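Not measured: the values here are computed from a predicted model.
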Amino acid sequence: MTTVKAYASPSATEDLVATTIERREVGPHDVMIDIKFAGICHSDIHTVRGDWGPQQYPLVPGHEIAGIVTEVGAEVSKHKVGDRVGVGCMVNSCKECANCQKGEEQYCLKGNIGTYGAVDRDGTITQGGYSTHVVVTEDFVVTIPEGIELDVAAPLLCAGITTYSPLRHWGAGPGKNVAVVGLGGLGHMAVKLAHAMGAEVTVLSQSLKKQEDGLKLGADHYYATSDENTFSELAGSFDLIINTVSASIDISSYLGLLKLDGALVNVGAPAEPLPVNAFALIGGRRSFAGSMIGGIRETQEMLNFCAEHHLGAEIEVIPAEKINEAYERVLASDVRYRFVIDTATL
């Protein structure tokens with residue numbers, strides 16, 4: 001085992017603290033990564049605070065990991081020492097079920113193994129990216145292409161793939177009208193990606209306070225959902241709506257904004273149920289769907305797409321001692337648009 005520095009949550013109610021954790025020895029198919037940057041995702045906060053269920057503590061969160069390979073196992077063929085790599089929201093799956101065979105490991109029928117807070121193959125609890133090093137099986141490590149800096153690449157491993165996957169699946173592109181609900185960590189990437197894919201992009205946000213940002217990021221239009229005229233004015237406008245908000249919204253109202261056969265896809269994950277009026281669906285053959293991150297193959301495709309289009313996340317780099325303050329700022333929507341921890345400060 002290798003002892004590494006980390007920041008961990010001691011319980012659901014306490015601040016994260018500096019600590020050390022053990023990483024397994026590098027096995028034949030493993031890669032050891034010197035983590036350079038780790039993004040802070042809203043999921044990290046939900047998880048460590050027990051919003052999504054009880055956890056085993058101490059827990060090191062972080063599933064937006066970018067770094068450099070420092071050691072590889074004897075049978076590793078996909079990565080070599082010195083490679084620029086990333087790790088996202090999962091570090092393993094069964095690799096045998098129908099979904100894994102299709103390259104959709106995030107929907108593994110036996111359950112994918114999350115980057116933190118999950119039971120790993122050896123029975124230990126996985127610990128995430130708020131640390132100096134991580135050991136991951138090579139199949140769950142992706143290459144970060146030249147042309148994307150590691151700090152702006154880190155959030156792509158969650159925020160990037162979480163929005164890229166549904167945009168691709170539901171056919172965002174030229175001639176399509178795409179709306180993005182919320183302009184936060186996920187939403188700002190959805191806007192950048194949908195714009196790069198050639199879609200006409202509208203941001204639907206509570207207020208107009210981020211309008212200038214939204215238009216700079218690639219949105220063609222920007223509307224405030226607090227203005228009730230928005231819902232009548234935009235009725236029947238969109239082929240696809242990506243809802244990035246992790247809070248409860250009136251889904252039926254948003255379904256009314258879809259064209260015939262349009263889809264409203266949830267990528268935000270509020271803890272409470274989202275009620276839907278059946279008539280809002282059947283009136284226009286509309287769909288209300290969900291999407292969760294993406295498979296490893298698609299994550300690599302997303303990174304290559306971002307490199308080709310010179311896309312990265314909009315970030316604020318922070319030292320480790322500001323993690324707790326950053327959590328409070330995320331909850332107050334006071335970040336534009338992703339905090340990234342410089343792990344050299346651990």
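- Nearest heavy-atom pair across Pro145 and Leu303 is CG-O, 3.8 Å.
- Distance alone, capped at 3.5 Å, is enough to place a donor-acceptor pair between the Ser226 side chain and the Gln206 backbone.
- Heavy-atom neighbours of His195 NE2 from other residues, nucleotides or ligands within 6.0 Å: at or below the threshold of 12.
- Checking Glu328 against Asn324 by side-chain atom types alone, no donor-acceptor pair falls below 3.5 Å.
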request  = Mind running side-chain contact (heavy atoms from CB on, under 4.5 Å) on Phe140 and Glu105 for me, showing each step along the way?
outcome  = CA-CA 10 Å; Phe140 286 79; Glu105 300 91 347; 4.0 Å; yes
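- Summarising the geometry, atom SG belonging to Cys94 is positioned 7.0 Å from atom CZ belonging to Arg121; distances are rounded to the nearest 0.5 Å.
- The two residues Asp220 and Ala199 have their closest heavy-atom pair at OD2-O, 4.0 Å.
- Note on ring orientation: taking the six-membered ring where Trp is involved, the planes of His42 and His46 are parallel (angle under 30°, cut-offs 30° and 60°).
- Within the 4.5 Å cutoff, the side chain of Tyr164 has heavy atoms near those of the Glu301 side chain.
- No single ILVMFWY cluster, assembled from side-chain heavy atoms under 4.5 Å apart, contains both Tyr7 and Val340.
- Side-chain contact between Glu200 and His221 is present, with at least one heavy-atom pair separated by less than 4.5 Å.
- Between the CG atom of Asp151 and the CG atom of Asp342 there is a distance of 9.0 Å, given to the nearest 0.5 Å.
- Asp139 and Thr137 share no donor-acceptor pair across their side chains, judged by distance under 3.5 Å alone.
- Between Ala194 and Leu167, the shortest heavy-atom contact is N-CD1, 3.8 Å.
- Judged by distance alone, the side chain of Arg23 and the main-chain N or O of Gln127 form a donor-acceptor pair under 3.5 Å.
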task = Kindly indicate, with the supporting measurements, whether the criterion side-chain contact (heavy atoms from CB on, under 4.5 Å) is fulfilled by Thr202 and Val180.
result = CA-CA 6 Å; Thr202 299; Val180 176; over 6 Å; no
task = Assess whether salt bridge (charged side-chain N to carboxylate O under 4.0 Å, His left out) is satisfied between Glu146 and Arg84, documenting all intermediate values.
result = CA-CA 8 Å; Glu146 294 297 333; Arg84 293 153 37 92; 3.6 Å; yes
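- Counting heavy atoms from C-beta on, the side chains of Val31 and Val136 never come closer than 4.5 Å.
- With a 6.0 Å radius and a threshold of 12 heavy atoms from other residues, nucleotides or ligands, Lys95 has its NZ atom above the threshold.
- At a threshold of 4.5 Å between side-chain heavy atoms, the hydrophobic network of Ile, Leu, Val, Met, Phe, Trp and Tyr places Met90 and Val142 in one connected group.
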request  = Report the C-alpha distance between Asn304 and Gln300 in whole Å, list the side-chain angles of each, state the deciding distance to 0.1 Å, and finish with yes or no for side chain to side chain donor-acceptor pair (under 3.5 Å).
outcome  = CA-CA 6 Å; Asn304 297 345; Gln300 188 63 61; 3.1 Å; yes
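- Between the side chain of Arg168 and the backbone N or O of Met302, no donor-acceptor pair lies under 3.5 Å.
- When atom types are taken as modelled, the side chain of Thr162 and the backbone of Ala159 share no donor-acceptor pair closer than 3.5 angstrom.
- Listed for the Ser287 side chain is no donor-acceptor partner under 3.5 Å among the backbone atoms of Ala289.
- Note that CD1 of Ile65 is 12.5 Å distant from CG of Leu150, once rounded to the nearest 0.5 Å.
- A donor-acceptor pair under 3.5 Å links the side-chain atoms of Asn112 to the main chain of Gln106, judged by distance alone.
- Of the residues Arg336, His188, Lys192, the one that meets the side-chain hydrogen bond (donor to acceptor under 3.5 Å, both in side chains) test with Glu314 is Lys192.
- Annotation for Asp239 and Asn177: closest pair OD2-N, 2.7 Å, computed over non-hydrogen atoms.
- Counting non-hydrogen atoms of neighbouring residues, nucleotides and ligands closer than 6.0 angstrom, the CD atom of Glu272 exceeds 12 such neighbours.
- Side chain of Arg286 to main chain of Leu258: a donor-acceptor pair is present (N/O by atom type, distance under 3.5 Å, no hydrogens or angles).
- When every heavy atom of Thr230 is checked against every heavy atom of Ala224, the shortest pair comes out as OG1-O, 2.7 Å.
- Looking at Asp261 and Lys259, no side-chain N of the basic residue comes within less than 4.0 Å of a carboxylate O on the acidic one, giving no salt bridge.
- Of the possible donor and acceptor atoms, none in the side chain of Thr20 sits under 3.5 Å from a partner among the backbone N and O of Lys5.
- Within the 4.5 Å cutoff, no side-chain heavy atoms of Tyr107 are placed close to those of Cys97.
- By the rule that hydrophobic residues join a cluster once side-chain heavy atoms approach within less than 4.5 Å of another member, Leu204 and Leu255 end up as members of one cluster.
- The closest side-chain heavy-atom distance from Val4 to Ile21 is below 4.5 Å.
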Steps toward side-chain contact (heavy atoms from CB on, under 4.5 Å) verdict (Phe305, Met197) = CA-CA 9 Å; Phe305 179 89; Met197 289 172 184; 3.8 Å; yes
request  = Apply salt bridge (charged side-chain N to carboxylate O under 4.0 Å, His left out) to the pair Lys216 and Glu212, showing each step before the final yes or no.
outcome  = CA-CA 6 Å; Lys216 270 190 203 150; Glu212 195 181 328; 3.5 Å; yes
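- Side-chain contact between His133 and Ile33: absent, with no pair of heavy atoms (C-beta onward) separated by less than 4.5 Å.
- What you find for Val245 and Gly182 is that their closest heavy atoms are CG2-CA, 3.9 Å.
- Taking 4.5 Å as the limit, some side-chain heavy atom of Thr47 sits within range of a side-chain heavy atom of Gln55.
- No side-chain donor-acceptor contact under 3.5 Å links Thr19 to the backbone of Ala8.
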inquiry  = Show, in sequence, the C-alpha distance, side-chain angles and deciding distance for Leu331 and Arg49, and conclude whether the side-chain contact (heavy atoms from CB on, under 4.5 Å) test is met.
reply    = CA-CA 12 Å; Leu331 294 172; Arg49 296 192 174 179; 3.1 Å; yes
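- Put simply, the side chain of Thr115 never gets that close to the backbone of Gly128: no donor and acceptor are under 3.5 Å apart.
- With contacts defined as side-chain heavy-atom distances shorter than 4.5 Å, the pair Phe279/Ile282 qualifies.
- The hydrophobic cluster containing Val152 does not contain Val335, counting ILVMFWY residues as joined when their side-chain heavy atoms lie under 4.5 angstrom apart, directly or transitively.
- Between the CG atom in Leu264 and the CH2 atom in Trp170 there is a gap of 10.0 Å [rounded to 0.5 Å].
- Met189 is connected to Val87 through a chain of hydrophobic side-chain contacts under 4.5 Å among Ile, Leu, Val, Met, Phe, Trp and Tyr, so both are in one cluster.
- With values rounded to the nearest 0.5 angstrom, Tyr130 atom OH is found 11.5 Å from Ile35 atom CD1.
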task = Given side chain to side chain donor-acceptor pair (under 3.5 Å), test Tyr116 with Asp44 step by step and report yes or no.
result = CA-CA 9 Å; Tyr116 61 86; Asp44 300 347; 2.7 Å; yes
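- Within 6.0 Å of the CD atom in Gln211, the count of heavy atoms belonging to other residues, nucleotides or ligands exceeds 12.
- For the atom pair Ile161 CD1 and Thr163 OG1, the distance stands at 8.0 Å (nearest 0.5 Å).
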